[in-house]
Amino acid sequence: KAGVTQTPRYLIKTRGQQVTLSCSPISGHRSVSWYQQTPGQGLQFLFEYFSETQRNKGNFPGRFSGRQFSNSRSEMNVSTLELGDSALYLCASSSVTGGGKHEQFFGPGTRLTVL
Amino acid sequence: DAKTTQPPSMDCAEGRAANLPCNHSTISGNEYVYWYRQIHSQGPQYIIHGLKNNETNEMASLIITEDRKSSTLILPHATLRDTAVYYCIVRNLNAGGTSYGKLTFGQGTILTVHP
């Protein structure tokens, strides 16, 4: 079974621009979560989507948004980029069923650099 | 979710057991202890989880104290490839709740396995 894929893997943008990152979950997984990882703040939860609905949201400004499509693929968007948005953005998918490990499977991440 | 405390770094000799401690003194009765690790430049990887009984899988063993206020992840025969950041996470898996996809990462323990 293919793992979580994220595109693009690397991205360079300038301040003020916007960016869209894509995540394809493992086949059959309906929950997709996004995380931001920076050296200073570590791994921080952005939001989670399940069945095209945002179920949970972390403490990030409204410039960070996301959506999920009917095939469970997800995108996140960051508008008006700031230098501090430079980070590794990780996507994770999960098979949300009663019981089980609720294991999160992470993708390789998208490395965003804002100049 | 309860907060966890881990030592910032540990060393281990290759072939020896690596014992990584985690303190979660404010854990509540329905919260699970999860361990993930992140090898450099990759997404985090699930290792093991447990509620109150000790658990073992092909990767590691998890020992949870009787009062559940602390736990230890054991890698029985550490290899160089086990060098990574290890995260201890406490999660509430209440079915129907909103925290399925949310993992609250701390700073983790940097485990370095030496030849």
Side-chain angles (χ1 to χ4, degrees), chain A residues 3-6 9-10 23 25-26 29-51 53-60 66 68 72 74 76 87-111, chain B residues 1-9 22 30-51 53 55-62 64 73 84-110:
Chain A
V4 177
T5 58
Q6 293 187 246
R9 292 294 311 278
Y10 301 91
C23 171
I26 291 173
H29 286 190
R30 295 167 63 192
S31 169
V32 174
S33 299
W34 289 89
Y35 295 81
Q36 180 197 66
Q37 185 170 29
T38 60
Q41 299 298 318
L43 270 158
Q44 293 186 287
F45 172 79
L46 278 159
F47 28 64
E48 178 200 7
Y49 286 87
F50 178 76
S51 292
T53 302
Q54 187 180 90
R55 284 163 50 107
N56 207 347
K57 189 177 190 304
N59 188 25
F60 279 83
Q68 186 180 34
S72 295
S74 178
M76 69 162 282
L88 180 67
Y89 290 88
L90 291 157
C91 167
S93 76
S94 175
S95 172
V96 181
T97 57
K101 297 188 291 188
H102 296 288
E103 176 184 351
Q104 297 284 309
F105 293 85
F106 284 81
T110 294
R111 174 74 62 184
Chain B
D1 292 340
K3 184 177 177 178
T4 61
T5 304
Q6 299 177 251
S9 64
C22 178
N30 58 356
E31 290 181 314
Y32 287 71
V33 179
Y34 275 73
W35 284 82
Y36 279 75
R37 73 179 182 184
Q38 186 174 25
I39 296 170
H40 184 62
S41 297
Q42 298 181 20
Q45 174 192 24
Y46 165 88
I47 301 173
I48 198 168
H49 81 290
L51 182 62
N53 298 319
E55 302 287 346
T56 296
N57 63 19
E58 65 280 1
M59 289 183 68
S61 294
L62 174 60
I64 302 175
L73 177 74
V85 181
Y86 287 77
Y87 297 99
C88 170
I89 299 165
V90 174
R91 294 179 72 190
N92 186 336
L93 294 184
N94 182 34
T98 60
S99 64
Y100 270 144
K102 180 180 180 181
L103 294 174
T104 302
F105 289 87
Q107 295 304 307
T109 295
I110 301 172

Q. Should we say atom CD1 of B:Ile110 is surrounded by more than 12 heavy atoms from elsewhere, each under 6.0 Å from it?
A. no

Q.
For the CD atom of B:Gln45 and the CD atom of A:Glu103, what is their distance to the nearest 0.5 Å?
A. 8.5 Å

Q: First locate atom NZ of B:Lys102, then atom CG of A:Leu46, and finally report the distance between them rounded to the nearest 0.5 Å.
A: 11.0 Å

(Q) Can you tell me which portion of A:Leu90 sits under 4.5 Å from chain B's heavy atoms? Options are side chain, backbone, both or neither. (A) side chain

Q.
On a heavy-atom basis, which atom in A:Tyr35 and which in B:Leu103 lie closest, and how many Å separate them?
A. OH-N, 2.8 Å

Q) Are side-chain heavy atoms of B:Tyr36 and A:Gln104 found at a separation under 4.5 Å? A) yes

Q) If you tally heavy-atom pairs under 4.5 Å against chain B, which of A:Gln44, A:Gln37, A:Arg111, A:Gln41 wins? A) A:Gln37

